[in-house]
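Quick note: numbers below take in every heavy atom, side chains included, and nothing from hydrogens, waters or symmetry partners. Numbering starts at 1 and runs along the sequence shown. Atoms within a ligand are numbered from 1 in the order they appear, just like the ligands themselves.
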Amino acid sequence: MDSAAAIVIGSGAFGASTAYHLARRGAKVILADQHALGSQTSPRAAGLTSKADRMPVMAQLRHEACEAFERFETEMGAGVDFHRSGSLKAAYTEAGEAHLHDGLETARGLGIEARLVSAREAQRLAPHFEPGLARAIGHVPSDGWLEPAKVATSFALRAAALGARLLPFTPVTGLLQADGKVQGVATARSEIYAPVVVDAAGAWAARVTAAAGITVPLVAVRHQLFITEPVPGVEPLQPIVRLLEASVYVRYAQGGLMFGGYEDHPRVLDASAFPPGFQIADLPLDLGVLRALADEVAGRFPVLRDARVAVHRGGAPTMTPDGRPILGRVPGLAGLFVASGCCVGGLSLSPAAGRALADLILDGVSEPDLTPLSVERFKGCYENPSALESACVGQYARKYTH
Ligand SMILES: Cc1cc2nc3c(=O)[nH]c(=O)nc-3n(C[C@H](O)[C@H](O)[C@H](O)COP(=O)(O)OP(=O)(O)OC[C@H]3O[C@@H](n4cnc5c(N)ncnc54)[C@H](O)[C@@H]3O)c2cc1C
């Protein structure tokens, strides 16, 4: 009989990191994925980190994760090309300015250097950025960016080196349960028994728990970015620039600039309607969405006007009604945990999210306490699918203003 101490469903950044941290602590883990390891939304991310979060538990996890990326190559044996470029965030309205101040203050409270800079200083740091009439610009020098492609696979391979079993091309078809406890999973080939199951199935996460009659309130949406052909003068260590009200981001990538953003009406993806075998690579993209956002901010990034697009990619991150991830136990089925609802920030959170979740699974507690991120915060709410969708889309639209 196939068995383990824990089965993790999904080898994206969340699942692979959780499996790695469980294996690192000596647990016998199985990491199953319906497709190739780490092949879905995770490798398509922008790879930005951001420490200035207004929620203390998130700021703490983001800080830990960013530090982990600095050590990634030593610990994982594979580089993710982390660049401590720093980041700038510009606000153009009174509300945006207050929001920016909150984030900087929370960061400073955790000992993270976070300061306001003048428009002139911002432009000196990022010469492709014309701040215009920004009311406030925040600078976090220890933020950075990384290449997303190897994050999840590196966690998975390192987990395997520590004894985890990797099961790519193994769709989990159901959760086994008895007496209110999870007993393992059913796959297309067999049943695997374990007292702990982690649902880290990304865009499919709600579908996995729904099969056991449990609702996890999240909605997958399409999110896209493009990378221009090389632009003279842009450098890897120039800071990431985020415009708060427009909710767009720009960073160095492959000699050019990466541009991505949060439109008002994203395409909502119904995972229960994905055809069998669907992969994120099959997701239709729409460059027009990004072009419209880029036109809105053309005055801030004049070089984008004429730059040609070299890469266009997108994926299916999951949004929650409050814009925060869901990490922790799933009430109603003892032994079931969830790591999802990445809210387009899961890649950069994954080293800390996986570490904290592994501690919660093995010790019953974690530092920081993940209770504020537990699915229980939505108890009794968002049972109506259209209310859920509208709350999640509301969090995605102009994301940096929430
Ligand atoms: C364009 C873009 C830009 C982004 N930029 C950033 C950024 O700058 N910073 C950041 O932190 N994040 C960013 N993100 C978000 C980031 O990509 C996600 O937060 C992260 O990839 C989430 O990882 P995941 O493990 O939840 O999902 P995934 O990587 O999709 O992994 C889920 C896995 O579960 C597997 N699975 C699903 N169902 C089953 C099943 N039944 N059985 C077995 N396996 C199953 C899937 O095959 C998949 O491999 C961006 C995303 C996009 C698309």
Side-chain angles (χ1 to χ4, degrees), residues 7-19 30-50 62 65-66 69 87 143-149 151-153 155-156 167-175 185-188 197-211 218 220-227 240 242 249 251 253 258-262 266 269 271 274 276-281 283 285 290 311-319 325-327 338-351 353-354 399:
I7 300 168
V8 179
I9 308 168
S11 66
F14 274 158
S17 171
T18 306
I30 290 179
L31 176 61
D33 202 292
Q34 61 187 351
H35 295 305
L37 296 171
S39 62
Q40 299 301 300
T41 289
S42 293
R44 294 173 167 80
L48 316 180
T49 72
S50 174
R62 291 205 168 283
C66 205
F69 280 123
S87 74
D143 275 342
W145 58 267
L146 53 109
E147 286 304 341
V151 173
T153 46
F155 276 129
L167 298 179
F169 307 107
T170 306
V172 166
T173 52
L175 299 178
V185 302
T187 75
V197 172
V198 180
D199 175 5
W204 296 262
R207 193 163 97 170
V208 167
T209 54
L218 46 82
V221 298
R222 181 180 65 188
H223 181 64
Q224 313 173 78
L225 61 80
F226 68 70
I227 299 172
I240 300 159
R242 294 181 178 89
Y249 53 82
R251 75 150 163 100
M258 175 188 285
F259 176 89
Y262 299 85
L269 306 167
F274 287 164
F278 174 84
Q279 303 219 36
I280 297 299
L283 190 65
L285 300 181
L290 291 171
V311 175
H312 175 207
R313 67 179 187 237
T318 43
M319 297 303 300
I326 301 176
L327 289 174
V338 68
S340 193
C342 72
C343 296
V344 207
L347 189 90
S348 55
L349 190 69
S350 61
K399 180 172 178 282

Heavy-atom closest pair, residues A156 and L37: CB-CD1, 4.5 Å

Tell me whether H223 has any N or O atom under 3.5 angstrom from an N or O of ligand 1. no

For atom 34 (O) of ligand 1, grab the closest protein heavy atom and report residue, atom and distance to one decimal in Å. G10 CA, 3.2 Å

At a 4.0 Å threshold, what atoms of ligand 1 neighbour a non-hydrogen atom of Y249? 3 (C)

Could you tell me the residue and atom name of the protein heavy atom closest to atom 13 (C) of ligand 1, and the distance to it rounded to 0.1 Å? V344 O, 3.4 Å

Per-atom contacts of ligand 1 with G202, taking only distances under 4.0 Å to non-hydrogen atoms: 26 (O), 27 (O), 32 (C)

Using 30° and 60° as the class limits, which term best fits the ring planes of F278 and W204: parallel, tilted or perpendicular? tilted

of all protein heavy atoms, closest to atom 31 (O) of ligand 1 is G12 CA, 3.3 Å

Polar atom proximity, I9 to ligand 1 (N or O, under 3.5 Å): no

Quick check on contacts: which atoms of ligand 1 are under 4.0 angstrom from a heavy atom of H35? 47 (O)

Short side-chain to backbone donor-acceptor contact, R44 and A149, under 3.5 Å: no

Any non-hydrogen atom of A200 lying under 4.0 Å from ligand 1? yes

Closest non-hydrogen contact found for L349 with P325 is CD2-CG, 3.8 Å

For L290 versus Q224, what's the shortest heavy-atom pair and its separation? CD2-O, 3.5 Å

Measure the distance from atom 42 (N) of ligand 1 to every protein heavy atom, then report the residue, atom name and distance (to 0.1 Å) of the closest one. V172 N, 2.8 Å

Test item: S42 side-chain N/O and A13 main-chain N/O as donor-acceptor pair under 3.5 Å: yes

Please report whether ligand 1 has a polar contact with Q224, defined as an N or O pair separated by less than 3.5 Å (distance criterion only). no

Please determine if G38 has a nitrogen or oxygen closer than 3.5 Å to a nitrogen or oxygen of ligand 1. no

Do F14 and ligand 1 have an N or O pair less than 3.5 Å apart? yes

Return the CD1 to OG1 distance between I9 and T18, rounded to the nearest 0.5 Å. 12.0 Å

Check this for me - ligand 1, L347, N or O atoms closer than 3.5 angstrom, yes or no? yes

Measuring from non-hydrogen atoms of A13 to any atom of ligand 1, is the shortest distance under 4.0 Å? yes

Who's the nearest protein heavy-atom neighbour of atom 9 (N) of ligand 1, and how far? L48 O, 3.1 Å

Mind listing the closest non-hydrogen atom pair of G202 and T318 along with its distance? O-CG2, 3.4 Å

I want to confirm something. Looking only at heavy atoms, which of C342, S42, G15 is nearest to atom 24 (P) of ligand 1? S42

Under 4.0 Å to a heavy atom of Q40 - the qualifying atoms of ligand 1, by number: 30 (O), 46 (C), 47 (O), 48 (C), 49 (O)

For the residue pair R62 and S348, what are the closest heavy atoms and their distance? NH1-OG, 3.1 Å

Chi angles and distances behind the side-chain contact (heavy atoms from CB on, under 4.5 Å) call for F155, L31: CA-CA 11 Å; F155 276 129; L31 176 61; over 6 Å; no

Show me which atoms of ligand 1 lie under 4.0 Å from any heavy atom of G47. 7 (C), 8 (O)

Using a 4.5 Å cut-off on heavy atoms from C-beta on, say whether the side chain of P266 contacts that of K399. no

Distance to 0.1 Å, residue and atom name: give those for the protein heavy atom nearest to atom 5 (N) of ligand 1. A46 N, 2.9 Å

Polar contact flag for R313 and ligand 1 (N/O pairs, less than 3.5 Å): no

Who's the nearest protein heavy-atom neighbour of atom 43 (C) of ligand 1, and how far? Q34 N, 3.1 Å

If we only consider heavy atoms of T170, is any one of them less than 4.0 Å away from an atom in ligand 1? yes

What atoms of ligand 1 come within less than 4.0 Å of a heavy atom belonging to P171? 42 (N)

Under 4.0 Å to a heavy atom of R44 - the qualifying atoms of ligand 1, by number: 1 (C), 2 (C)

For G315, the atoms of ligand 1 under 4.0 Å from one of its heavy atoms are 53 (C)

Please find the pair of heavy atoms, one from A45 and one from L347, that lie closest to each other, and give the distance. CB-CD2, 4.1 Å

Tell me: protein heavy atom nearest atom 47 (O) of ligand 1, and distance? D33 OD1, 2.6 Å

